[in-house]
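First up is the structure itself, then whatever we jot down about it.
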Amino acid sequence: MAGFRIRLWFDPDGLNRGEPAYDDGVVVLPVIPVPGMEIRDSSGQIAVVQRVVLLTNPGPDGAVAAVVCSTQ
């Protein structure tokens, strides 16, 4: 499957509260996520995309975007 390499960050207690977000690594998705979209983290928990940052150049890991998600 061809797709976009996306760096995922999960913030389990919501943005700007409590513990900081943790890096969940790079995944390949067929589309670049948009705010409101649902994604599963590595443990299978569903999270909602809160922020999307498109990178001007791919990172060292090939990621073209960074996505911050928070669990519901």
Side-chain angles (χ1 to χ4, degrees):
M1 170 179 90
F4 299 97
R5 293 178 62 84
I6 308 292
R7 166 96 28 213
L8 291 179
W9 288 83
F10 283 93
D11 196 352
D13 53 5
L15 294 176
N16 302 320
R17 287 186 281 179
E19 296 297 315
Y22 65 89
D23 185 354
D24 202 43
V26 175
V27 297
V28 177
L29 298 174
V31 298
I32 294 176
V34 296
M37 200 172 182
E38 292 182 344
I39 293 181
R40 289 187 188 270
D41 68 5
S42 59
S43 67
Q45 187 172 8
I46 294 178
V48 176
V49 173
Q50 299 295 324
R51 294 196 177 135
V52 178
V53 178
L54 298 176
L55 305 175
T56 56
N57 294 311
D61 53 11
V64 297
V67 175
V68 179
C69 305
S70 63
T71 55
Q72 296 182 336

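On a predicted model such as this, the values are computed, not experimentally measured, just so you know. These numbers come from the heavy atoms of this one structure, side chains and all, not from hydrogens, waters or symmetry mates.
The minimum heavy-atom distance linking A47 with F10 is given by the pair CB-CE2, 3.3 Å. Across V64 and P58, no two heavy atoms sit closer than the pair CG1-CG, 4.4 Å. The minimum heavy-atom distance linking V34 with V52 is given by the pair CA-CG2, 4.1 Å.
In this structure, the side-chain contact (heavy atoms from CB on, under 4.5 Å) partners of V27, at least two apart in sequence or on a different chain, are I6, L8, L29. Every side-chain hydrogen bond (donor to acceptor under 3.5 Å, both in side chains) that D23 has, sequence neighbours left out, goes to R7.
No chain of hydrophobic side-chain contacts below 4.5 Å, direct or via other Ile, Leu, Val, Met, Phe, Trp or Tyr residues, connects V28 to L55. V26 and V49 are assigned to two separate hydrophobic clusters, defined by single-linkage of ILVMFWY side chains at heavy-atom distances under 4.5 Å. With hydrophobic clusters built from ILVMFWY side chains whose heavy atoms lie under 4.5 angstrom apart, M37 shares a cluster with L54.
Here CH2 of W9 is found 12.0 Å from SG of C69. Values are rounded to the nearest 0.5 Å.
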